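Just below is one structure, and these are the notes that go with it.
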Amino acid sequence: MAETATERQNNAASRRKMLRTMATLAMAGLLAACQVVPKSDGPATPPPPDRPADDIGPGLPTDTDRHRVALLVPETGPNADVGMAIANATTMALLDSRTEKVRITTYDTALGAAAAARQAVADGNKLILGPLLSEDVAAVAPIARAAKVPVLSFSNDSSVAGNGVFIMGFVPGQSVERVVAFARGKGHVRFGALVPKNVYGDRSAAAFRAAVTEAGGTLVAVESYDRSATALTGAARRLASGGAMDAVLIADSGGNAIRAVPVIKSSGNKQILGTELWNTEASLGSNAAMRGAWFASVSDGLYGQLAGKYRTRFGRAPYRLASLGYDSVLLTVRISRDWKPGTSFPANKLLAADGFGGIDGIFRFNNRGIALRALEVSEVGAGGFRVVDPAPTKW
């Protein structure tokens, strides 16, 4: 049935409300991974500049030479700052890559992830970047799948990956595997772990058990706790008396690790291991008990440069997850070289054996749609972190 003029006006108004950022620029070619990280202090991020009036029409402008890509992130609500940091980073990536082939339109998942996905599909987008939260991915996936639009999510929940959904988030199990293998290579044999009673803890514990076995170590004990100081201390005491061990993983924030380590070491010195959660907590070394601890995460070398440029442009430090937005655009730009505008996104190219590179180093997707990342191992010191085993630079 044909659309009436009133309906077209209403639809156009609805689309303009969903539209937040459109960026289109140019590149010759570039390049061959539900959790919120602590935010940095700084003034509020300024809104993106207004677009010229002639760039706005009813609904989205007609494109015949550019790829329409949707960015689904929270622009309002409790996660708005994270969503806007990701959106700002995608704009930076478009500017840096200088591509004329990609148009990105942002949709607010805080108003309803399913509604955002339906609008994105109706607007003709052929690829969805985001959403951030695993529950939003679950809402978006069937809508995108029915439209044959791949989803490149920023979630770290591996349970939502597959069947057209790819996740770029930092999966905790990979960090655990990397640091356990490194510790085993340094001669540590008997391993224990302290994990919270939540999804992150459960997945870290499962990855820890598998990693210890794979590395040829001995699993001595795994203790879990509710998120309270009393429960944490009790679990640390049980672990300390649970048998001889020379390395202990704490799959929690640096603050909780600081509380647990003195108790764990009360029965003898042990090598403390952490996860990617410690990556943003450079002050850990101010606590003497934490010095010498190891953890695995993506490299921060290029991220430091991105953060500096971000501060200059937006007046504040970005969230660490902003790099996922940046790298998702670099990936899209690379694939766009062999992707005809208006056609379906070639999702099979996401499975390239040589993977992709970006701010967070090299990564590639496995056949489940999970980003496998090259991680570095860092040591906590009085002055910050020191890389003791660099991330690989090729697969």
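Worth saying up front: this structure is predicted, and the values here are computed from it rather than measured.
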Residues in ring-ring contact (aromatic ring centres under 6.0 Å, His included) contact with F166, at least two apart in sequence or another chain = F365
ask   = So do the side chains of L330 and F356 get within less than 4.5 Å of each other, counting heavy atoms only?
value = no
ask   = Does a side-chain heavy-atom distance below 4.5 Å link T332 with H67?
value = no
key: Any pair counted as side chain to side chain donor-acceptor pair (under 3.5 Å), so long as it reaches residues 227-241, sequence neighbours left out   = E223-R238, R227-D252
inquiry  = If we ignore hydrogens and angles and just use 3.5 Å, is the side chain of E214 paired with the main-chain N or O of A181 as donor and acceptor?
reply    = no
remark   = Sorted by chain and residue number, the salt bridge (charged side-chain N to carboxylate O under 4.0 Å, His left out) partners of R203 (sequence neighbours excluded) come out as D157
query = Ignoring hydrogens and geometry, is there a side-chain-to-backbone donor-acceptor pair from D246 to V189 under 3.5 Å?
reply = yes
ask   = Using a side-chain heavy atom cutoff under 4.5 Å and only I, L, V, M, F, W and Y, what cluster partners does V377 have?
value = V176, V179, V180, F182, F191, V195, F208, V212, L219, V222, L249, L273, W294, V388
task = With sequence neighbours excluded, tell me which residues meet salt bridge (charged side-chain N to carboxylate O under 4.0 Å, His left out) with K349.
result = none
request  = Measure the shortest side-chain to side-chain distance between Y107 and I128 over non-hydrogen atoms and say whether it is less than 4.5 angstrom.
outcome  = no
message = Between R313 and D96, does any side-chain N to carboxylate O distance fall below 4.0 Å?
response = no
message = Please check this pair: side chain of K148 against backbone of S344, looking for a donor-acceptor N/O pair closer than 3.5 Å.
response = no
request  = Using the side chain to side chain donor-acceptor pair (under 3.5 Å) rule, collect all pairs that involve residues 257-266, keeping only residues at least two apart or in two chains.
outcome  = N256-R259
Contacts of type side chain to side chain contact (heavy atoms under 4.5 Å, CB included), residue N163, not counting sequence neighbours = R145
ask   = Of all residues at least two apart in sequence or in a different chain, which pass the side chain to side chain contact (heavy atoms under 4.5 Å, CB included) check with A257?
value = I250, W278, M290
message = With a 3.5 Å distance limit and no angle check, can you tell me whether S153 reaches the backbone of V137 through a side-chain donor-acceptor pair?
response = no
task = Report the C-alpha separation of T105 and V69 in whole Å, then their side-chain angles, then the decisive distance to 0.1 Å, and conclude whether the side-chain contact (heavy atoms from CB on, under 4.5 Å) test is met.
result = CA-CA 6 Å; T105 306; V69 176; over 6 Å; no
inquiry  = Suppose clustering is done on Ile, Leu, Val, Met, Phe, Trp and Tyr with side-chain heavy atoms closer than 4.5 Å. Which residues sit in the same group as V263?
reply    = none
ask   = Less than 4.5 Å apart, any side-chain heavy atom of R320 and any of D360?
value = yes
remark   = Those residues at least two apart in sequence (or on a different chain) that pass side chain to side chain contact (heavy atoms under 4.5 Å, CB included) with K197 are S224, D226
request  = Could you tell me the separation between the CG atom of L331 and the OG atom of S336, rounded to the nearest 0.5 Å?
outcome  = 10.0 Å
message = Can you confirm whether S155 sits close enough to V160 that some side-chain heavy atom of one is under 4.5 Å from a side-chain heavy atom of the other?
response = yes
note = Residue pairs passing the side chain to side chain donor-acceptor pair (under 3.5 Å) test with at least one member in residues 381-391, sequence neighbours excluded, are R178-D389, E379-R386
inquiry  = Determine whether V73 and T106 satisfy the following criterion, side-chain contact (heavy atoms from CB on, under 4.5 Å), listing intermediate values before the conclusion.
reply    = CA-CA 7 Å; V73 290; T106 305; 3.9 Å; yes
task = Just jot down the side chain to side chain contact (heavy atoms under 4.5 Å, CB included) partners of E177, sequence neighbours excluded, or say none.
result = A211
ask   = Hey, mind stepping through D136 and L72 against side-chain contact (heavy atoms from CB on, under 4.5 Å) and telling me if it holds?
value = CA-CA 9 Å; D136 287 347; L72 271 60; over 6 Å; no
request  = Could you tell me whether the side chain of V333 reaches within less than 4.5 Å of the side chain of K101, counting heavy atoms only?
outcome  = no
key: Heavy-atom check, side chain of L129 versus side chain of F154, under 4.5 Å   = yes
query = Is there a side-chain contact (heavy atoms from CB on, under 4.5 Å) between E75 and M84 once you walk through the steps?
reply = CA-CA 6 Å; E75 295 183 287; M84 286 309 300; 3.9 Å; yes
task = Measure the shortest side-chain to side-chain distance between S158 and I167 over non-hydrogen atoms and say whether it is less than 4.5 angstrom.
result = yes
